[in-house]
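Note sheet for the following structure.
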Amino acid sequence: KPIPIIVTCRDHAQGGANEYPENLRIEVLSAAIGAGAEFVDLEYENFFSIANQEKIRRALSQNPKSRLILSAHNFEGKFPNITKLYRHILTLYSAAIPKLVYTANHINDCFEAFDLLHQSSGERIILCMGRAGLISRIIAKKLGSLVTFASLDNESATAPGQITIEQLKKTFSSDSINSETVLYGVLGSMVYNSASPAAHNACFAKAELNKLYLPLLVEGGENEFDEFMRNVRVRSWLNFAGFSVTIPHKANALNYVRQSGGVVEPLTEKIGAANTLTLDTAQITNSGPQISAYNTDYIGAMDAIISKLKIDKSDLKDLSVAVLGAGGVARAIVAGLTDAGAKVCIYNRTVEKAEKLAEEFGCDFAALSELGTLDAKLVVNCTSIGMYPEVDATPLPQEYIKKDMAIFDTVYNPFETLLLKQAKEAGAKTIDGLTMFVNQAAEQFKLFTGKETEPKLIQKTVIKQRNRN
Ligand code: NAP
C-alpha cells in the first residue's frame with residue numbers, strides 16, 4: 001500500500017452502517033493492527049471495557065508501528081465540554097490520538113473546535129460535521145489536525161459535510177495549506193454554489209500567495225453575522241484578512257463596520273451596503289484588527305458598461321438609463337450611474353422601494369408593470385428575473401427592446417439570459433453579468449492583496465466550474 005491506512009469498524013450507535021457485535025468489531029481492529037495498519041480508530045467509549053482494552057493493547061504491543069485513534073462523535077451538536085473530553089481520552093490512554101468530531105449547527109459552532117486545536121499540541125483530530133462545519137475540514141491542516149476527511153466522489157461521503165478529494169485539492173489547494181496560510185472567504189446564506197472560492201483561489205495560486213478563500217455559510221441575520229465577525233476578530237491566529245459579502249449580509253456588513261469603529265469607503269456609505277471587508281492585522285483596535293468596508297459591485301458594473309460599450313465615464317453624463325429592480329445590486333449601480341451624471345429611472349415590482357431609492361439618489365421611479373413607457377438608451381436588469389432555474393423568464397418584454405438600446409443583465413447564471421438573447425436578436429448592444437462578476441472579483445483581489453490579477457483567469461475559472469456543475 002502506497003499510503004498510510006486508517007481502519008475503522010464503526011459502532012452503529014456512533015454512525016456505523018451495520019450493527020456488528022462489539023467483540024467482532026474489536027477482532028477486526030486487532031486483526032488490522034496485526035496486518036500492519038498504521039492507524040485503527042475505535043470509539044473511546046468502547047475502550048472503557050477492560051476486555052476490549054486488553055485485546056487492543058495486546059495487539060498494539062505486538063505491532064508498535066500501529067497507532068490507536070480514540071474517537072468521540074456527536075451528530076446532534078457540540079459536546080458539553082470538549083476540552084474535558086479531550087483530556088479524558090488522553091488520561092484513558094496517553095499514546096492515543098484523540099479524535100473529536102461534532103455537528104456544527106451554525107458556522108459559529110466551529111470556533112470551539114478551532115480553539116481546542118489552537119490550545120492543544122501533538123497528534124489530534126478535531127473536526128465539525130454538517131454543511132456549517134465544512135470550513136473545519138478545509139482548514140484542519142492549517143490548525144494542526146492530524147488528518148481531515150474527504151470523499152472519493154459526491155456519492156461516497158462517510159459523514160455529513162464531507163467534500164470530495166478533488167475539491168479539497170483543486171479548489172482549496174489543500175496540498176499547500178500550512179499554519180501561515182492567510183484566510184479569506186465569501187460570507188452568505190447560499191455560498192456553496194458560489195463561483196468566488198474557485199475564482200479567488202485560482203488567482204492566489206497564480207500569484208503564488210499563501211492565501212486561501214473559503215465558502216463561509218453564515219445563516220441567520222445580523223446577530224449571527226456580528227457573532228461570526230467577533231469570533232474571527234478575537235482569534236487573530238486564524239489569520240482571516242478579508243471577506244466577500246453576499247445575500248443577505250451586505251447591509252449587516254456595513255452596519256457591523258460602522259458600529260465597531262471601522263473605516264467605510266465614502267461611496268460604500270452612500271450605497272448603504274458592503275460586499276467587501278478587509279482586516280488589517282498590522283493595526284489592532286479594541287475589537288481586533290482594523291476593519292474596512294467597500295463595495296466593488298458598483299465598480300464592477302461601471303467598468304462592465306464602460307468597457308463593453310467602448311465609452312468613457314464622461315459619456316454617461318445625461319444618458320437616460322432604466323434600472324430594473326431596487327435591491328442591493330440596484331443600489332450600487334444607481335449610485336455609480338448617478339455619480340457619473342446619468343439620468344436614471346428606477347422600475348421595481350414593489351414601487352415603494354423604487355420611490356425610496358429614487359429619492360435618495362435624485363432619480364425618477366415607476367412600477368415594473370409600467371415598462372411600456374420606457375425611454376432609455378441603457379437598460380440594466382438588477383432583478384433576479386431570468387436567473388436559474390427560472391431561465392425562461394425575462395424582466396423586459398421583447399417588444400420594448402430597441403436596436404439603439406444597450407441591455408445590461410447583472411444576472412450571470414445562466415451566462416446568456418433570455419433578456420440578453422432577445423436583445424441580441426433585436427440588434428441591441430449587450431453587457432453580461434459575468435463581466436460584472438469578473439470585474440468586482442478582480443477589484444476585491446486588489447483590496448485583499450494590493451496586487452492586480454488577470455480578469456481572464458477569473459472568467460475562465462468561473463466558466464470551468466459552471467460546466468463541471
Ligand atoms: P435583492 O436585494 O434581493 O433584490 C432583488 C430585486 O429583484 C428586487 O428589486 C426585487 O423586487 C426583484 N425581484 C425578485 N424577484 C422578482 C420577480 N419575480 N418579479 C419582479 N421583481 C423581482 O438582490 P440583489 O442582491 O440586488 O441581486 C439581484 C440580482 O443581481 C441577483 O439575482 C444576481 O443574479 C445579480 N447579481 C449579479 C452580480 C454580478 O456580479 N454580476 C452580483 C450580485 C448580484 P421587490 O423589491 O419587489 O422584491
Side-chain angles (χ1 to χ4, degrees), residues 195 199 267 271 275 295-348 361 363 368 371 374-388 390-391 393-398 400-444 454-456 458-460 462-463 466:
L267 198 52
I271 293 166
N275 80 331
N295 191 313
T296 66
D297 280 338
Y298 94 91
I299 306 170
M302 297 301 284
D303 285 353
I305 295 169
I306 287 165
S307 66
K308 287 278 175 172
L309 299 184
K310 301 189 176 67
I311 58 171
D312 291 325
K313 190 179 171 191
S314 59
D315 296 323
L316 290 169
K317 188 161 168 41
D318 294 329
L319 187 78
S320 66
V321 185
V323 170
L324 318 186
V329 166
R331 287 190 72 84
I333 292 183
V334 167
L337 286 168
T338 52
D339 189 54
K343 286 188 189 147
V344 177
C345 183
I346 302 161
Y347 294 80
N348 197 43
F361 288 93
C363 309
L368 201 58
L371 276 171
L374 185 80
D375 174 27
K377 291 287 173 253
L378 171 65
V379 179
V380 188
N381 175 36
C382 300
T383 74
S384 44
I385 303 175
M387 190 167 88
Y388 179 84
E390 312 291 340
V391 294
T394 172
L396 184 64
Q398 193 163 20
Y400 300 151
I401 305 175
K402 308 273 165 14
K403 201 175 167 184
D404 65 346
M405 282 178 172
I407 306 284
F408 175 12
D409 199 343
T410 65
V411 172
Y412 65 102
N413 184 13
F415 296 134
E416 188 174 62
T417 58
L418 181 61
L419 174 63
L420 291 182
K421 268 185 212 150
Q422 292 183 339
K424 275 184 191 162
E425 277 166 28
K429 289 182 181 143
T430 58
I431 305 160
D432 58 277
L434 179 60
T435 305
M436 173 181 162
F437 177 85
V438 168
N439 291 344
Q440 65 79 28
E443 205 59 36
Q444 282 184 334
E454 293 169 27
K456 274 214 165 72
I458 300 176
Q459 179 158 345
K460 211 175 80 186
V462 174
I463 293 171
R466 181 77 56 79

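Just the heavy atoms: all of them, side chains too, but no hydrogens, waters or symmetry mates, feed the values below. Fair warning: this is a prediction, and the values are worked out from it, not measured in the lab.
- No side-chain donor-acceptor contact under 3.5 Å links E390 to the backbone of S384.
- Of all the heavy atoms in M302 and A340, the pair that sits closest is CE-CB, 4.1 Å.
- For residues 301-343, no pair satisfies ring pair (Phe, Tyr, Trp, His ring centres under 6.0 Å), with sequence neighbours left out.
- Taken from CD1 in I305 to CG in L337, the straight-line distance is 5.0 Å, to the nearest 0.5 Å.
- Among all heavy-atom pairs drawn from G433 and Y412, the shortest one is C-CB, 3.5 Å.
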Give the intermediate values and the outcome of side-chain contact (heavy atoms from CB on, under 4.5 Å) for residues V380 and V321.
-> CA-CA 8 Å; V380 188; V321 185; 4.0 Å; yes

Check the pair V329 / M436 against side-chain contact (heavy atoms from CB on, under 4.5 Å), numbers first and verdict last.
-> CA-CA 11 Å; V329 166; M436 173 181 162; 4.1 Å; yes

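- Here the CG-CD distance, from D297 to Q440, works out to 5.5 Å after rounding to the nearest 0.5 Å.
- Inter-residue side-chain proximity for L324 and I385 is flagged as unmet; no heavy-atom pair is nearer than 4.5 Å.
- Exactly one of K460, R466, Q459 qualifies for a side chain to side chain contact (heavy atoms under 4.5 Å, CB included) with I463. That residue is Q459.
- Among all heavy-atom pairs drawn from P395 and L371, the shortest one is O-CD1, 3.2 Å.
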So D339 and K313, salt bridge (charged side-chain N to carboxylate O under 4.0 Å, His left out) or not? Walk me through it.
-> CA-CA 10 Å; D339 189 54; K313 190 179 171 191; 3.6 Å; yes

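- Taking the side chain as every heavy atom from C-beta outward, F361 and V344 never approach each other to under 4.5 Å.
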Residues 416-427, side-chain donor-acceptor partners within the protein, below 3.5 Å, at least two apart:
residue: E416; atom: OE2; partner: K424; partner atom: NZ; Å: 2.6
residue: T417; atom: OG1; partner: D409; partner atom: OD2; Å: 2.7
residue: T417; atom: OG1; partner: L420; partner atom: N; Å: 3.3
residue: E425; atom: OE1; partner: Q398; partner atom: NE2; Å: 3.1

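- The salt bridge (charged side-chain N to carboxylate O under 4.0 Å, His left out) analysis of residues 316-330, with sequence neighbours excluded, yields no pairs.
- Looking only at distances, no side-chain donor or acceptor of T430 sits under 3.5 Å from a matching main-chain atom of I407.
- Counting heavy-atom neighbours within 6.0 Å of D404 CG, excluding the residue itself, gives a total above 12.
- Rounded to the nearest 0.5 Å, atoms CD1 (I333) and CZ (F408) are 4.5 Å apart.
- Put simply, the side chain of D303 never gets that close to the backbone of N439: no donor and acceptor are under 3.5 Å apart.
- Of the inter-residue distances, the one linking K377 atom NZ with L319 atom CG reads 8.5 Å to the nearest 0.5 angstrom.
- Taking CG of L309 as the reference point, atom CG of D315 lies at 9.5 Å (rounded to 0.5 Å).
- Across S320 and A376, no two heavy atoms sit closer than the pair OG-CA, 3.4 Å.
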Assess whether side-chain contact (heavy atoms from CB on, under 4.5 Å) is satisfied between Y347 and T383, documenting all intermediate values.
-> CA-CA 10 Å; Y347 294 80; T383 74; over 6 Å; no

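- Minimum heavy-atom separation, I458 to A199: CG2-CB, 3.8 Å.
- For D432 and K308, the salt-bridge test passes: some basic side-chain N is under 4.0 Å from an acidic carboxylate O.
- Here the closest heavy-atom approach between residue N381 and residue T410 is recorded as O-OG1, 2.8 Å.
- Once rounded to the nearest 0.5 Å, the distance linking OH of Y400 with CG of L374 reads 9.0 Å.
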